[in-house]
Undergrad: 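I am attaching a structure below and will ask some questions about it afterwards.
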Protein chains: 2
Amino acid sequence: MLQLIRDGTAVTRADLARRTGLARSTVAQRVDALLAHKLVYEAGGSESTGGRPPTVLAFNHEAGVVLVADLGATHSRLAIADLASEPLAEVTQDLDIALGPEAVLDWVQDQFATLLRKIKRSVADVRGIGIGVPGPVAFGTGQPISPPIMPGWDGFSLPNWFATRYDVPVLVDNDVNLMALGEHWTNWRGIEHLLFVKVGTGIGSGIVAGGHIHRGAQGAAGDIGHIRLHQHEDVICRCGNIGCLEAVAGGRALAIRLTDAGIEASTSRDVADLVRAGNPTATQMVREAGRALGEVLAECVNFLNPSVIVIGGDLGQVHEQLLAGIREVTFRRSLPLATGELQTVASQLGDRAGVIGGAIMLIEHILSPAAIDAQIQQAGAAA
Amino acid sequence: MLQLIRDGTAVTRADLARRTGLARSTVAQRVDALLAHKLVYEAGGSESTGGRPPTVLAFNHEAGVVLVADLGATHSRLAIADLASEPLAEVTQDLDIALGPEAVLDWVQDQFATLLRKIKRSVADVRGIGIGVPGPVAFGTGQPISPPIMPGWDGFSLPNWFATRYDVPVLVDNDVNLMALGEHWTNWRGIEHLLFVKVGTGIGSGIVAGGHIHRGAQGAAGDIGHIRLHQHEDVICRCGNIGCLEAVAGGRALAIRLTDAGIEASTSRDVADLVRAGNPTATQMVREAGRALGEVLAECVNFLNPSVIVIGGDLGQVHEQLLAGIREVTFRRSLPLATGELQTVASQLGDRAGVIGGAIMLIEHILSPAAIDAQIQQAGAAA
DNA sequence: CCGTTTTGGTGGGGTGTCAAGCAAAAGCCT
DNA sequence: AGGCTTTTGCTTGACACCCCACCAAAACGG
């Protein structure tokens, strides 16, 4: 209940009373409960303003840790984060998700244990597990649904798999949704509507509408990679259609075209590296990809009317070129009203957006007012 | 609080206790408060199931009325509805919204008074006013924002205008949003994500995401009329761009093309009439418009992943032809996952969707738990 | 006609919140 | 330095709300 106040911007007991409108005595009682649960601690007094100096309360971000895995198509990143979503330990590795759930999750579980030892925390400190996967997910049950690039994962229940190893909540979501959540929570908290676009090997987007992730009916929302572009009827996409955005502006497509032009590149990161190194062909190509992306985003802006567009993913890291192309086309093709207040920016979390978003998803779940109430109830009943 | 239970599916005091999990005594107390406020009434007993027969409670939809105006570009519809959003009296008239707010609202106010007399209700029975306008609206303040087809309305505060005449809440929204709300609440209550598409003179859409209307940052969400189509580079839209959906598949565009072909038609309703009369050229044209619309909707489906698409507006009334074209293209261009459970249907409320949606918007506002609490508090304080 | 069942209504007990008052810890003034 | 003021933290009694238990009423069934 008072949890959010403590997370964010306040404060001391008296401040809490003023902000919430509750009586000071009530606040004191609630704070005591949180102190007893070690969710907050007293961080010493601060300077007085003429009277008794207040006791500053601080959220105890060391009260537990969350395990997060951002599983990509060919590359994965694991992290342990504290309750402030600050990564305490990380590991990344090339890993083909097509190996199937058992093989991948065995490795994940192994690495989690290693990371826990590294930061000298025990399994008892783990408060939850968050997994991001590169495909649609039924969020309620934590099962991937018909993911095109994850053979063997369809309908596999990740919470069930982890249930035998940890007794904590397990949340699974699409990786782009997690990135969107991470950026939104970290840098755009007050913004209601945000669109996060990941430009990596493929292209996908995560939608924040009304302050919450919009997942759609089948968890397939945000799939903009296969929207058809104009004047690209010659490009055939792996989905079978022609002129798809992903087949024109995706990292894989760019790498192939660079290779055709005699420049070695096989992944989206290679393309990004070439741009960073100043390769003119790659730079030109990324800028052109930005224009293609801009055409699609213009439609999304008209449709969704967000306040902010955040560009991330491997190619989002080379933001100058991509953003220039996007802004150029978006402003030309969208309605003035929708673009008037629109900001188009690069991801600030970079390649850690996924794991940070995963941590946030879990922390928000664990520290929701309802969950806190349940914890306190439970402890009270036990005593 | 128990309000929704009464609105929807329950019932009797004992049922309420079972459904809410509250004690029977608590339920009785709350019901008494609602009875005192005449928001519910006892509708006599029903048959017993072996014991004392229960007293059936019913929502008193005659406890007040709401005034609703669905202002179109050239045509307006006013209605008075009871608290079940059932229209009690209606009037429609051709009215150019470009006459400006004072002229239009004077007429609206005049008609409201006439309708009230007609159903023998007084101003004291009015619980709220809902207005739908054909353009973006800042919902919080009830002001149209830069509406392209409403000269003189930009920033005009409708709540302020009505405040001198009625002392009730005044809510203003985009007309398509109201239609979407009406269809959602009436026929698709349990559905979380719905897309309503109005095909009339122009083309617009209303988004229901997570059960609520998504208005976007500037109230401009759902504007799909100016998304660019493929292979229509020859068409110039009034917005200045080329190949806009509205310029290809909108009612005005079809009317112009029919006229060019020697068939008299000036409005979208003329086109719909021709189709209903079996005119082959018009039928063919509407079906082709459906295909164009399908191209755009395929992208929207991929992006938003709704469960239902509802087609309304003047041309939505001739649904067979339009739907056939839409379904044909949507299923071809969207991802299988997103279309697997997707239903595409015609509006069931027809041209009354706007006023019914407006009534629902108001009723939901007036009968929200918070509002009910406030009413009871207020009455308690007065006594 | 009496027990059973289901419902509606009433009173006692418990929990949580509010309001008021008191103690503590500073700053400020003389 | 000492008293006053201010601000904060904490305790106590009162009130409101909700639950539990009991009782009355109204039907059905044997």
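A note on names: the letters A, B, ... follow the listed sequences, proteins ahead of strands, and every chain is numbered from 1. Computation of the quantities below employed the complete heavy-atom set of this structure, encompassing side-chain atoms and omitting hydrogens, waters and symmetry-equivalent molecules. Note that this is a predicted model, so its numbers are computed, not measured.
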Undergrad: With sequence neighbours excluded, tell me which residues meet side-chain contact (heavy atoms from CB on, under 4.5 Å) with Ala33(B).
TA: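 Ala33(B): side-chain contact (heavy atoms from CB on, under 4.5 Å) contacts with Ile376(B).
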
Undergrad: Name all residues meeting the salt bridge (charged side-chain N to carboxylate O under 4.0 Å, His left out) criterion together with Arg18(B); count only those two or more places apart in sequence or in a different chain, and write none if there are none.
TA: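 Arg18(B) satisfies salt bridge (charged side-chain N to carboxylate O under 4.0 Å, His left out) with Asp15(B) only.
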
Undergrad: To the nearest angstrom, how far is Leu22(A) atom CG from dT17(C) atom P?
TA: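 My rounded result for the distance is 8 Å.
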
Undergrad: Could you state the CG-P distance from Asp32(B) to dC17(D), rounded to the nearest angstrom?
TA: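 Taking atom P of dC17(D) as the reference, CG of Asp32(B) is at 14 Å.
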
Undergrad: With sequence neighbours left out, write down each residue that passes ring pair (Phe, Tyr, Trp, His ring centres under 6.0 Å) with His184(A), or none if nothing qualifies.
TA: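 Applying ring pair (Phe, Tyr, Trp, His ring centres under 6.0 Å) to His184(A) gives none.
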
Undergrad: Rounding to an integer number of Å, can you tell me how far Leu16(A) CG sits from dT17(C) C1'?
TA: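 Spelled out: CG on Leu16(A) to C1' on dT17(C) is 16 Å.
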
Undergrad: Among all residues two or more places apart in sequence or in another chain, which pass the salt bridge (charged side-chain N to carboxylate O under 4.0 Å, His left out) test with Glu62(A)?
TA: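 Expected list: none.
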
Undergrad: Listed by chain and number, what are the salt bridge (charged side-chain N to carboxylate O under 4.0 Å, His left out) partners of Arg13(A), not counting sequence neighbours?
TA: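 In terms of salt bridge (charged side-chain N to carboxylate O under 4.0 Å, His left out), with neighbours along the sequence ignored, Arg13(A) is linked to Glu42(A).
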
Undergrad: Any side-chain heavy atom of Phe139(A) sitting closer than 4.5 Å to one from Ile213(A)?
TA: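 Sidechains of Ile213(A) and Phe139(A): no contact.
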
Undergrad: Please assess Leu194(A) against Phe196(A) for the test side chain to side chain contact (heavy atoms under 4.5 Å, CB included), listing each intermediate value before the final yes or no.
TA: CA-CA 7 Å; Leu194(A) 174 148; Phe196(A) 181 92; 4.2 Å; yes

Undergrad: With the side chain of Thr12(A) defined as its heavy atoms from C-beta on, choose the nearest nucleotide among dT8(D), dG8(C), dC10(D).
TA: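 Among the listed nucleotides, the one closest to the side chain of Thr12(A) is dT8(D).
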
Undergrad: Find the distance Arg13(A):CZ to dC18(C):P and express it as a whole number of Å.
TA: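 Roughly 17 Å, once rounded to whole Å.
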
Undergrad: How would nucleotides 20-25 of chain C be written as a contact map, 5' to 3', with B for base contact, S for sugar-phosphate-only contact and - for no contact, using protein heavy atoms under 4.0 Å?
TA: -B--BB

Undergrad: Could you tell me how far apart Gln29(A) (CD) and dC10(D) (C1') are, to the nearest whole angstrom?
TA: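 Interatomic distance, CD of Gln29(A) to C1' of dC10(D): 12 Å.
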
Undergrad: Starting from C1' on dT7(C), measure out to CG on Leu57(B) and report it in whole angstrom.
TA: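 Going from Leu57(B) (CG) to dT7(C) (C1'), I get 12 Å.
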
Undergrad: I'd like to check the salt bridge (charged side-chain N to carboxylate O under 4.0 Å, His left out) partners of Glu341(A); sequence neighbours left out, ordered by chain and number.
TA: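 Here no residue qualifies.
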
Undergrad: Among all residues two or more places apart in sequence or in another chain, which pass the side-chain contact (heavy atoms from CB on, under 4.5 Å) test with Ala17(A)?
TA: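 Residues passing side-chain contact (heavy atoms from CB on, under 4.5 Å) with Ala17(A): Arg24(A), Val27(A).
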
Undergrad: dG9(D), dC18(C), dC19(D): which one has an atom nearest the side-chain heavy atoms of Thr26(A)?
TA: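 The answer is dC18(C).
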
Undergrad: Rounded to the nearest Å, what distance is computed from the CD atom of residue Glu42(A) to the C1' atom of nucleotide dG9(D)?
TA: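 Atom CD in Glu42(A) sits about 10 Å away from atom C1' in dG9(D).
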
Undergrad: Under 4.0 Å, heavy atoms only, any strand: does Ala14(A) hit a base, just the sugar-phosphate, or nothing?
TA: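 Sugar-phosphate, backbone atoms only, no base.
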
Undergrad: Expressed as a whole number of angstroms, how long is the span from Leu35(A):CG to dC10(D):C1'?
TA: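 Roughly 14 Å, once rounded to whole Å.
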
Undergrad: Which atoms of nucleotides 1-3 of chain D (N or O only) lie under 3.5 Å from a protein N or O atom, and what are those distances?
TA:
none

Undergrad: dG8(C), dT17(C), dG9(D): which one has an atom nearest the side-chain heavy atoms of Arg30(A)?
TA: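 Of dG8(C), dT17(C), dG9(D), dT17(C) is nearest to the side chain of Arg30(A).
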
